[in-house]
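Structure record follows, encoded as structure tokens.
All residue numbers refer to positions in the sequence shown, counting from 1.
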Amino acid sequence: RRDLLPSSHVLTFSGCAALVEALSTGLYGEARVEVLPDGDGVRVRVRAAPRRIIDSLRVDVHRAPIDREEILHEAQLEEGGELLGDEIAPRKRRIHALLARRGFPESRVDITTRQTDKPTRVLVLLDVAAGEPRKVGRRVFYVFGAKPDDLAQHTKTYEVDSGDRADDTALQQADVALEARLRAAGYYDAAVKHDLVLARYAAPAESIVTLRVRVDSGPRDFTRFEGN
């Protein structure tokens with residue numbers, strides 16, 4: 001606490017000095033100054049987030065079909081990187097969002113740290129339990145620009161089907177692959193996109209995920225050669 005007259009010049013100087021003092025220790029990565037009324041003066045308070053360098057990482061995904069490196073990339077965790085005390089919750093939210101996109105909406109993520117023999121370096125433990133996968137209950141195609149039967153030989157090979165995990169990465173790849181097959185068949189303007197609709201019922205086991213695939217075929221072009 002520092003008792004000061006409420007002069008802007010004094011506050012500016014004092015605040016800067018307090019920040020420099022806190023950050024110069026090397027123990028804090030971020031700091032901010034708060035100025036609070038206190039009797040006839042003010043109180044200058046410095047809030048600082050501890051600075052920690054990741055000495056090593058231990059990751060346990062409990063055999064979930066998600067690549068370890070993908071999780072670390074999403075959370076921006078790497079050995080030698082910096083981890084501030086107030087950054088753990090946002091990193092956990094990013095991992096939860098990644099797992100939800102990959103078809104695991106009920107994941108559990110824990111990030112804990114252990115001190116090493118160096119005060120600024122920590123061991124980071126990342127424990128990820130993906131939970132039960134959300135699976136596609138039924139698949140429906142909505143075809144525009146052509147008759148559904150004309151495209152059936154292509155749409156039936158769409159890589160995600162009923163019973164598969166509702167994995168947005170796999171679904172995007174399936175969209176691109178179907179577009180490629182349609183264009184190879186002469187539908188050069190074909191476009192494919194999808195969405196997922198969750199119908200919730202009183203009993204969770206009865207809830208169903210519907211995969212809706214929209215196929216805009218566009219006109220079909222034929223190449224014709226004339227003459228020799």
Side-chain angles (χ1 to χ4, degrees), residues 1-2 14-36 43-137 160 163-173 196 198 200 203-205 207 209:
R1 167 183 166 175
R2 301 184 181 183
S14 178
C16 290
L19 280 177
V20 170
E21 181 181 341
L23 295 175
S24 64
T25 66
L27 299 177
Y28 304 101
E30 291 183 353
R32 70 178 187 272
V33 172
E34 294 180 348
V35 180
L36 306 172
R43 178 187 304 173
V44 175
R45 181 166 60 190
V46 177
R47 290 188 176 273
R51 178 177 182 265
R52 297 291 184 263
I53 303 299
I54 300 173
D55 192 72
S56 60
L57 282 161
R58 295 182 185 173
V59 182
D60 189 352
V61 297
H62 302 281
R63 299 184 180 180
I66 306 295
D67 185 68
R68 172 184 184 273
E69 296 305 318
E70 183 179 3
I71 293 174
L72 292 177
H73 176 76
E74 188 73 18
Q76 298 179 354
L77 290 170
E78 61 180 351
E79 292 183 359
E82 188 170 279
L83 180 65
L84 300 180
D86 59 352
E87 289 183 341
I88 290 179
R91 293 172 194 257
K92 290 172 63 174
R93 287 195 292 269
R94 287 198 290 267
I95 296 174
H96 279 299
L98 167 66
L99 292 170
R101 293 195 303 271
R102 299 300 304 274
F104 295 100
E106 305 296 334
S107 61
R108 178 184 57 78
V109 179
D110 289 318
I111 300 177
T112 56
T113 61
R114 291 182 182 174
Q115 194 65 50
T116 66
D117 55 356
K118 298 179 180 179
T120 61
R121 303 185 75 87
V122 293
L123 166 66
V124 174
L125 307 175
L126 173 57
D127 188 272
V128 178
E132 290 297 318
R134 175 171 288 167
K135 295 187 176 182
V136 175
V160 180
D164 293 334
R165 178 160 43 95
D167 181 341
D168 195 59
T169 298
L171 287 164
Q172 291 180 18
Q173 293 172 348
L196 295 168
L198 173 62
R200 296 183 181 275
S207 299
V209 176

Could you tell me which residues satisfy side chain to side chain donor-acceptor pair (under 3.5 Å) with R134, sequence neighbours excluded, listed by chain and number? none
Holding to side chain to side chain donor-acceptor pair (under 3.5 Å), I want the full list of residues that pass it with Q173, two or more places apart in sequence or in another chain. none
Evaluate the criterion side-chain contact (heavy atoms from CB on, under 4.5 Å) for residue pair Q172 and D168; output intermediate values, then yes/no. CA-CA 6 Å; Q172 291 180 18; D168 195 59; 2.7 Å; yes
Distance in Å, [X] [atom1] paired with [Y] [atom2], rounded so as to fall on 0.5 Å steps:
X    : Y    : atom1 : atom2 : value
T112 : I88  : OG1   : CD1   : 8.0 Å
L83  : L77  : CG    : CG    : 6.5 Å
L99  : I71  : CG    : CD1   : 5.5 Å
D55  : R114 : CG    : CZ    : 13.5 Å

Look at the side chain of [X] and the backbone N and O of [Y], then say whether any donor-acceptor pair between them is shorter than 3.5 Å.
X    : Y    : answer
R165 : R102 : yes
R91  : Q76  : yes
Q115 : R121 : yes

Run the side-chain contact (heavy atoms from CB on, under 4.5 Å) check on I111 and L126 step by step: do they pass? CA-CA 5 Å; I111 300 177; L126 173 57; 3.6 Å; yes
If you look at every heavy atom in [X] and [Y], which pair is closest and at what distance?
X    : Y    : answer
G80  : I53  : O-CG2, 3.9 Å
A130 : F104 : O-CB, 3.4 Å
L123 : S56  : CD1-OG, 3.0 Å

Between R101 and E74, is there a salt bridge with N-O shorter than 4.0 Å?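 Salt bridge: yes.
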Ion pair D60/R58, N-O distance below 4.0 Å: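 Salt bridge flag = no for R58 with D60.
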Within-4.5 Å side-chain heavy-atom neighbours: R52 and T113: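 Answer no - side chains too far apart.
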Report the C-alpha separation of V124 and E79 in whole Å, then their side-chain angles, then the decisive distance to 0.1 Å, and conclude whether the side-chain contact (heavy atoms from CB on, under 4.5 Å) test is met. CA-CA 9 Å; V124 174; E79 292 183 359; over 6 Å; no
Contacts of R68 meeting side chain to side chain contact (heavy atoms under 4.5 Å, CB included) (sequence neighbours excluded), chain-then-number -> L57, V59, L72
Applying side-chain contact (heavy atoms from CB on, under 4.5 Å) to V128 and I66, what does each step give before you reach the verdict? CA-CA 10 Å; V128 178; I66 306 295; over 6 Å; no
